[in-house]
Number of protein chains: 2
Amino acid sequence: MNIGDVSRQSGVPPKTIRYYEEIGLIRPNRSENGYRAFTENHVHKLAFLGRARALGFTIEDCRTLLALYEDENRESMQVKAVAEEHLRQIEEKIEKLQSMRTTLTDLVEKCAGDHRPDCPILADLSPVQLSE
Amino acid sequence: MNIGDVSRQSGVPPKTIRYYEEIGLIRPNRSENGYRAFTENHVHKLAFLGRARALGFTIEDCRTLLALYEDENRESMQVKAVAEEHLRQIEEKIEKLQSMRTTLTDLVEKCAGDHRPDCPILADLSPVQLSE
DNA sequence: ATTGACCCTCCAGTTACTGGAAGCCCTACA
DNA sequence: TGTAGGGCTTCCAGTAACTGGAGGGTCAAT
């Protein structure tokens, strides 16, 4: 199978597939003409990677997960540990973003958004408090 | 003022301050010995940048906001537009992360996390469904 | 004269791709 | 047989916003 077919079947762009080969996530053979030669198994791995990436796992996480996926002697606690750590980080990010949102929503509400220069958003960002 | 002082007063690391100069966000003078020479105004700008960055604004947003901050003829709607667009993007990110969290929480709950290899997390990532 | 704390300028690395240039390969069609 | 197209290849550069480190001047105090 050529890279185009694999891309269509796995949903992973050709460029990304080449990149994944470069960093050693997959190791396709080569045809005589120099084209990458993929198998069904590669399609599965790429789909796996696509899904894992969509869930926000880093490439290094993916590497680990892929290894566990292929390891018949894995212990599910290993997988769970990776997922839990990732989940923690996602929750951290959510909290950070929510805190930003709270502040920004507040500032946006306060700002008149008209033709005058006075702006509570800039006032909030500015370290110099306008005195009265 | 040297970079160390400015860093302490603004909360922005020296490396970052140098970077901000490189990309043209601030333009300190130079002393005879080659050291950057900062003013109070630079401290204010850097604190402004630090706060804007903490709220998640991109550097390009910061450039715009800083220009508006210094423009006496600005209209608050310009500032508000930048903030609203940023807010939209934050909300998008939050939704994406929450969707990941939902899926991951579900998977993590389902996974036994013991010494056996069976793992719903890997099963979910895998495109090959285990047949019965 | 020397120490230690500053400061300077490069250069490289981070994350995970993505775009583009230059060029070979393969198939189909006139 | 020539050519047009689509697909494949490699390599280089760029993205965002820094951060770390090497190698080397500067300054104040001892």
Side-chain angles (χ1 to χ4, degrees), chain A residues 1-38 42 45-46 48-66 85-86 89-90 92-93 96-97 100, chain B residues 1-39 42 45-46 48-66 82 85-86 89-90 92-93 96-97 100:
Chain A
M1 236 184 306
N2 283 348
I3 201 166
D5 307 314
V6 183
S7 173
R8 257 163 262 125
Q9 286 187 45
S10 66
V12 179
K15 278 273 186 187
T16 305
I17 298 177
R18 294 196 191 97
Y19 173 67
Y20 286 172
E21 182 190 15
E22 192 185 323
I23 62 173
L25 281 181
I26 49 166
R27 307 189 180 282
N29 286 323
R30 293 292 174 135
S31 306
E32 294 198 349
N33 59 12
Y35 288 15
R36 287 171 183 79
F38 298 88
H42 288 123
K45 280 198 199 175
L46 285 166
F48 180 100
L49 288 169
R51 177 103 177 100
R53 291 289 298 128
L55 285 178
F57 285 103
T58 65
I59 289 287
E60 286 316 303
D61 282 346
C62 288
R63 200 184 294 279
T64 305
L65 291 173
L66 209 48
E85 174 57 24
H86 178 45
Q89 289 179 13
I90 282 180
E92 247 180 51
K93 281 188 196 168
K96 213 167 180 177
L97 287 168
M100 289 177 187
Chain B
M1 237 184 305
N2 284 347
I3 201 168
D5 307 314
V6 182
S7 173
R8 255 164 262 127
Q9 286 186 46
S10 66
V12 179
K15 278 273 185 187
T16 304
I17 296 176
R18 294 197 190 97
Y19 173 68
Y20 286 171
E21 181 190 17
E22 191 186 323
I23 63 174
L25 281 181
I26 49 166
R27 307 190 179 280
N29 286 323
R30 294 291 174 135
S31 307
E32 293 197 350
N33 59 13
Y35 288 13
R36 287 169 184 80
F38 298 88
T39 64
H42 288 123
K45 280 197 197 175
L46 285 167
F48 181 100
L49 288 168
R51 177 104 178 101
R53 291 290 298 128
L55 284 178
F57 285 103
T58 65
I59 289 288
E60 284 318 303
D61 281 346
C62 288
R63 202 185 292 279
T64 306
L65 292 173
L66 209 48
V82 173
E85 174 57 23
H86 178 46
Q89 289 179 14
I90 282 181
E92 247 180 52
K93 281 188 195 167
K96 213 167 181 177
L97 287 169
M100 289 178 187

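We name chains A, B, ... by the order of the sequence lines, and we start the count at 1 in each one.
Between the C1' atom of C:dC6 and the CD1 atom of B:Ile17 lies a distance of 14 Å, rounded to the nearest Å. Counting to the nearest Å, the P atom of D:dC18 and the OH atom of B:Tyr19 are 6 Å from each other. Rounded to an integer number of Å, the gap from A:Glu60 CD to C:dA16 P is 8 Å. In this structure, B:Glu22 atom CD and D:dC18 atom P are separated by 12 Å, rounded to whole Å. The OH atom of A:Tyr35 sits 6 Å away from the C1' atom of C:dC26 (whole-angstrom rounding). Straight-line distance from the CZ atom of B:Arg63 to the P atom of D:dC18: 12 Å, rounded to whole Å. Between the CD1 atom of A:Ile3 and the C1' atom of C:dT18 there is a distance of 14 Å, rounded to whole Å. Atom CD1 of B:Ile59 is separated from atom C1' of D:dC18 by 9 Å (rounded to the nearest Å).
Within the 4.0 Å cut-off from OP1 or OP2 of C:dC26, at least one side-chain nitrogen or oxygen of A:Asn33 is found. Residue B:Arg18 has no polar side-chain atom (N or O) positioned under 4.0 Å from OP1 or OP2 of C:dC10. Close to C:dT15, at under 4.0 Å from its OP1 or OP2, lies no side-chain N or O of A:Arg53. Applying the 4.0 Å criterion to OP1 and OP2 of D:dC18, one finds that B:Tyr20 has a side-chain N or O inside that range. In terms of phosphate contacts, A:Thr16 brings no side-chain nitrogen or oxygen within less than 4.0 Å of OP1 or OP2 of C:dA16. At the phosphate of C:dC8, OP1 or OP2 sits under 4.0 Å from a side-chain N or O atom of B:Arg36.
Nearer to the 5' terminus of DNA chain D, by closest-nucleotide assignment, is the contact made by A:Asp5 (compared with the other of A:Asp5 and B:Glu32). Residue order along DNA chain D, read from the 5' end via each residue's closest nucleotide, puts B:Phe57 first among B:Phe57 and B:Lys15.
Residues meeting the side-chain contact (heavy atoms from CB on, under 4.5 Å) test with B:Tyr20, sequence neighbours left out: B:Val12, B:Thr16, B:Ile23, B:Leu25, B:Ile26, B:Leu46, B:Leu49, B:Arg53, B:Ile59.
Ion pairing between B:Glu21 and B:Arg18 fails under the 4.0 Å rule for side-chain N and carboxylate O.
With hydrogens and angles disregarded, a donor-acceptor distance shorter than 3.5 Å links the side chain of B:Ser10 to the backbone of B:Val6.
Within a 6.0 Å radius of CZ in B:Arg27, other residues, nucleotides and ligands contribute 12 heavy atoms or fewer.
From A:Phe48, atom CZ reaches atom CG of A:Leu65 across 5.0 Å, with rounding to the nearest 0.5 Å.
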